[in-house]
Engineer: 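What follows is a single structure, and I will ask about it in a moment.
We count ligands from 1, going down the list as the structure has it; atoms in each ligand are counted the same way. Small disclaimer: the values here were computed from a predicted structure and weren't measured.
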Amino acid sequence: MKRFLAAMLLLLCVTGCTAQPKSYTADFFAMDTFMSVTAYGVDEQTAQDTAVTCERRVNALEPALSRTREDSDIYRLNHADGAVCEVSDDTYAALQAAVEYAAYTGGAFDPTLAPLTDLWGINTENAHVPAQAEIDEALTHVGYQNIELLGDNQVQLKNGAQIDLGGIGKGFATDAVAALLDGSCSVLATLGGNIGAYGENPSRDSGGWVIGIADPDNNADYLATVEVRDRSVVTSGDYERYFEQDGKRYHHIFDPATGWPADSGLRSVTVIDAVSTRADALTTALFVMGLDKGLAFCAEQGIAAVFVTADKQVYTSAQVGEVCTFTFLGEEKGYTYAQ
Ligand code: AMP
Ligand code: MG
């Protein structure tokens, strides 16, 4: 009898231990892009509750971060003619992060590029190369030092500055998702190009999540993967939003020093970091810095980044080996892993 009970217990344990968690995926459109959050929990209800709560949190950030919605804090701030505005906790926190990363990257990331993004009209029907005089005029209003964070959610924009949080919005949303998790579910959040992978991946023995780094020439395909856990993986690339005029591509990542799309010889930069807002700001900034300056910045600051150059070389900073497993897959697509 004892032996029978022991066998039953063993069987229960084995089936219990191998029981796969149930998953639920919430697909939605927010921040101008397709998003999905998949939660894995002990049962379907737990997974669904978690995924839906994450979706609601991201949707609730739209009025805090969007600059085109007329009911948003940023729209109100941008149209306040320099008056002091009170904003929500989320908007204030995003602005604090934006100013912090602008200073950290020496202004390569700058959240006051709205006059330039408007002028170039990328992703609108009005996309075109502006006159240099227009770019010069827009640049006179650009500079993160024009943002005054006065405490108590009070913000003032000086010198005709206008905010565009497009460079960190999705990272901020990914961190907001991560902050909701209490360990009851594993979650894979794909918020546009920003991915957050939290908890154990039930589909892999290692528990890690394998995230692809897109081939800039065909972003349905990958030229590398990184396996991570409890990290965010964020990519900025010239293939995401752009227009072509006279055979030349003009993309959406601007060099705040020139007012032109950054012409740094890069096609994409991916950053792997525990904080998605930071990774998001850094991908944009490293893209502007270019390969040499970007790699030096990563070495100095301990940043894990993957650079893809226009001449099909792939470089990884030293930190990449420490925070993830990097697998190069680009050889057949004509890329070289230059390390
Ligand atoms: P990302 O895809 O994260 O690199 O963000 C690009 C978006 O951020 C653009 O569509 C602009 O709205 C904005 N942006 C472009 N260049 C910069 C920059 N140098 N610093 C901050 N935001 C930028
Ligand atoms: Mg970014």
Engineer: May I ask you to identify the nearest protein heavy atom to atom 12 (O) of ligand 1, giving residue, atom name and distance to one decimal place in Å?
Structural biologist: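 Checked against all protein heavy atoms, atom 12 (O) of ligand 1 sits closest to Asp164 OD2, 2.6 Å.
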Engineer: With a 6.0 Å cut-off on the ring centroids, do Tyr101 and Phe109 count as close?
Structural biologist: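 Not close enough - the centres of the two rings lie 6.0 Å or further apart.
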Engineer: Applying salt bridge (charged side-chain N to carboxylate O under 4.0 Å, His left out) as the test, list every pair that has at least one member in residues 124-147; sequence neighbours left out.
Structural biologist: none
Engineer: Can you tell me which residue and heavy atom of the protein come closest to atom 4 (O) of ligand 1, and the distance to 0.1 Å?
Structural biologist: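 In this structure, atom 4 (O) of ligand 1 has Ser236 OG, 2.6 Å as its nearest protein heavy atom.
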Engineer: Flag yes if more than 12 heavy atoms outside Asp311 fall under 6.0 Å of its CG atom; otherwise flag no.
Structural biologist: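 More than 12 heavy atoms, drawn from other residues, nucleotides or ligands, come within 6.0 Å of this atom.
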Engineer: Note the single closest protein heavy atom to atom 16 (N) of ligand 1, along with its residue, its atom name and the distance in Å.
Structural biologist: Phe254 N, 2.9 Å
Engineer: Ignoring hydrogens and angles, write down the donor-acceptor pairs under 3.5 Å from the side chains of residues 172-190, residues two or more places apart or on other chains.
Structural biologist:
unit_1, atom_1, unit_2, atom_2, d
Thr174, OG1, Lys170, O, 2.7
Asp175, OD1, Ser276, N, 2.8
Asp175, OD2, Ser276, N, 3.3
Asp175, OD2, Thr277, N, 2.8
Asp175, OD2, Thr277, OG1, 2.5
Asp182, OD1, Ser184, N, 2.9
Asp182, OD1, Ser184, OG, 2.7
Ser186, OG, Glu200, N, 3.1
Ser186, OG, Glu200, O, 2.6

Engineer: Is it the case that atom CG in Asp71 sees more than 12 heavy atoms from other parts of the structure closer than 6.0 Å?
Structural biologist: yes
Engineer: So which heavy atom in the protein is nearest atom 5 (O) of ligand 1, and how far is it from that ligand atom?
Structural biologist: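 Looking at atom 5 (O) of ligand 1, the protein heavy atom closest to it is Gly167 CA, 3.4 Å.
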Engineer: Looking only at protein heavy atoms, which one is nearest to atom 20 (N) of ligand 1, and what is the separation?
Structural biologist: Asp110 N, 2.9 Å
Engineer: Answer with yes or no whether Ala262 contacts ligand 1, where contact means a heavy atom under 4.0 Å from a ligand atom.
Structural biologist: no
Engineer: Return the closest protein heavy atom for atom 17 (C) of ligand 1 as residue, atom name and distance.
Structural biologist: Leu113 CD1, 3.2 Å
Engineer: To the nearest 0.5 angstrom, please state how far the OG1 atom of Thr112 sits from the CG atom of Leu157.
Structural biologist: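 It comes to 9.0 Å.
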Engineer: Tell me every residue that passes ring pair (Phe, Tyr, Trp, His ring centres under 6.0 Å) with Phe243, counting only those two or more places apart in sequence or in another chain.
Structural biologist: Tyr250
Engineer: More than 12 foreign heavy atoms under 6.0 Å from CD of Glu332: is that the case here?
Structural biologist: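 No, because the 6.0 Å sphere around CD of Glu332 holds 12 heavy atoms or fewer from other groups.
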Engineer: Is any N or O atom of Pro111, backbone or side chain, closer than 3.5 Å to an N or O atom of ligand 1?
Structural biologist: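 For ligand 1, there is no N or O atom that lies under 3.5 Å from one belonging to Pro111.
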Engineer: Measure centre to centre between the rings of Phe254 and Trp120, then say whether the value is under 6.0 Å.
Structural biologist: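 Yes: the rings meet the under 6.0 Å criterion.
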Engineer: With heavy atoms of Pro256 as the reference, note each atom of ligand 1 found under 4.0 Å away.
Structural biologist: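 Result: 19 (N).
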Engineer: Would a line drawn from the ring center of Phe297 to the ring center of Tyr104 be shorter than 6.0 Å?
Structural biologist: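 That pair passes the under 6.0 Å test.
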Engineer: Which of the atoms of ligand 1 are close to Ala108, meaning less than 4.0 Å from one of its heavy atoms?
Structural biologist: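 Result: 18 (C), 19 (N), 20 (N).
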Engineer: What residue and atom, counting heavy atoms only, is the protein's closest point to atom 2 (O) of ligand 1, and at what distance?
Structural biologist: His252 CE1, 3.2 Å
Engineer: Would you say Thr91 and Ser88 are linked by a side-chain donor-acceptor pair, where the criterion is simply a distance under 3.5 Å?
Structural biologist: yes
Engineer: Which residue owns the protein heavy atom closest to atom 3 (O) of ligand 1, what's the atom, and how far is it?
Structural biologist: Asp280 OD1, 3.0 Å
Engineer: Considering the heavy atoms of Glu240, write down every atom of ligand 1 situated less than 4.0 Å from one of them.
Structural biologist: 2 (O)
Engineer: Between Tyr337 and Phe326, does the ring centre distance come in under 6.0 Å?
Structural biologist: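 Yes: the rings meet the under 6.0 Å criterion.
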Engineer: Below 2.8 Å, which protein N, O or S atoms neighbour the Mg ion (ligand 2), ignoring water?
Structural biologist: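 Listed by chain and number, the nearby protein N, O or S atoms are Gly167 O, Asp280 O, Asp280 OD1, Thr284 OG1.
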Engineer: If the cut-off is 4.0 Å to any non-hydrogen atom of Thr117, which atoms of ligand 1 fall inside it?
Structural biologist: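 This gives 11 (C), 12 (O) as the contact atoms.
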Engineer: Measure from NZ or CZ of Arg67 to the centre of the six-membered ring of Tyr75, then state whether that distance is under 6.0 Å and the direction lies within 45° of the axis.
Structural biologist: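 No, Arg67 does not sit over the ring of Tyr75.
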Engineer: When you measure from the heavy atoms of Arg241 to every atom of ligand 1, does any distance fall below 4.0 Å?
Structural biologist: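 False for this residue.
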